[in-house]
Amino acid sequence: MGGPGGPATLGVVAEAGNAAMAGRRGALIVLEGVDRAGKSTQSRKLVDALCAAGHCAELLRFPERSTEIGKLLSSYLEKKSEVEDHSVHLLFSANRWEHVPLIKEKLSQGITLVVDRYAFSGVAFTSAKENFSLDWCKQPDVGLPKPDLVVFLQLQLAEAAARGEFGRERYESSPFQQRALQCFQQLLGDSSLPWKTVDASRSIEDVHQEIRVLSEGAIRAAAHRPLGQLWT
Ligand code: 2DT
Ligand code: MG
């Protein structure tokens, strides 16, 4: 693809510049799904394919563990620290909010953002805990940039289990994943969101092709439409 500042890079920068000048914003594309459904693999492949097709696309992930808030979250997930359940929920949300200026700037520059987990993971994983309502969990993320496409990588938990052992992080257990999946199903019922459910049990390449086509459509549709606000 050429090194930094090489011909390919310059081409992509020029494409983003063209898009921005033509008033075309980038699309906000989110991938969600249970553990080992293929979110990270598919997010990376999607960014590569979009860039190869002449779009300007970049990858984001949540939690983004590199910031001060992200380091607290990482330590919590690695079970190196304990954080009260409500507090940690708000920290996951704060980790998204601290990236909103960057997200808005990139989109306005015509850059499409592919995001590996977003507020939906936030709601699903906290509301999988006892005594957390879906409604309470959604509140801190109300008003975040609304995705133009949310791909849900659908995979039975038994199939996910067959893809390998769980890691050692917090939440990586079958009963918890089962409850998180039920919460995801409730969120999937919200027709005000651009959900597309994709069968993630197929080959990496088949799943990728479907996501790529959905994303091309989302990029075209988002170009001249203002960015929305989540859950407002
Ligand atoms: P990975 O880094 O492997 O994706 O795991 N989570 C994530 C939450 O509890 N709340 C959130 O808002 C988000 C984005 C899901 C990250 C783990 O953190 C959980 C799995
Ligand atoms: Mg994980």
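Ligands are counted one by one from 1 in listed order, and the atoms in each one are counted from 1 as well. Positions are given from 1 along the sequence.
- Atoms of ligand 1 lying under 4.0 Å from at least one heavy atom of Leu77, given by number and element, are 16 (C), 17 (C), 18 (O).
- Under a 4.0 Å N-O distance rule, the pair Glu78/Arg168 does not qualify as a salt bridge.
- For the pair Lys39 (side chain) and Gly33 (backbone), a donor-acceptor distance under 3.5 Å is present.
- Of the charged side-chain nitrogens involved, at least one lies within less than 4.0 Å of a carboxylate oxygen, so that Asp148 and Arg225 count as a salt-bridged pair.
- The N/O atoms of Arg96, backbone and side chain alike, include one that comes under 3.5 Å of an N/O atom in ligand 1.
- Closest of all the heavy-atom pairs between Val34 and Gln177 is CB-OE1, 4.0 Å.
- Here the side chain of Ser121 pairs no donor or acceptor atom with the backbone of Tyr118 at under 3.5 angstrom.
- When the options His89, Arg117, Arg65 are ranked by their closest heavy atom to atom 2 (O) of ligand 1, first place goes to Arg65.
- Annotation for ligand 1: atoms under 4.0 Å from non-hydrogen atoms of Phe62 are 14 (C).
- Using a 4.0 Å cut-off to heavy atoms of Phe125, the atoms of ligand 1 that qualify are 8 (C), 9 (O), 15 (C).
- Listed by atom number, the atoms of ligand 1 under 4.0 Å from Pro63 heavy atoms are 7 (C), 14 (C), 16 (C).
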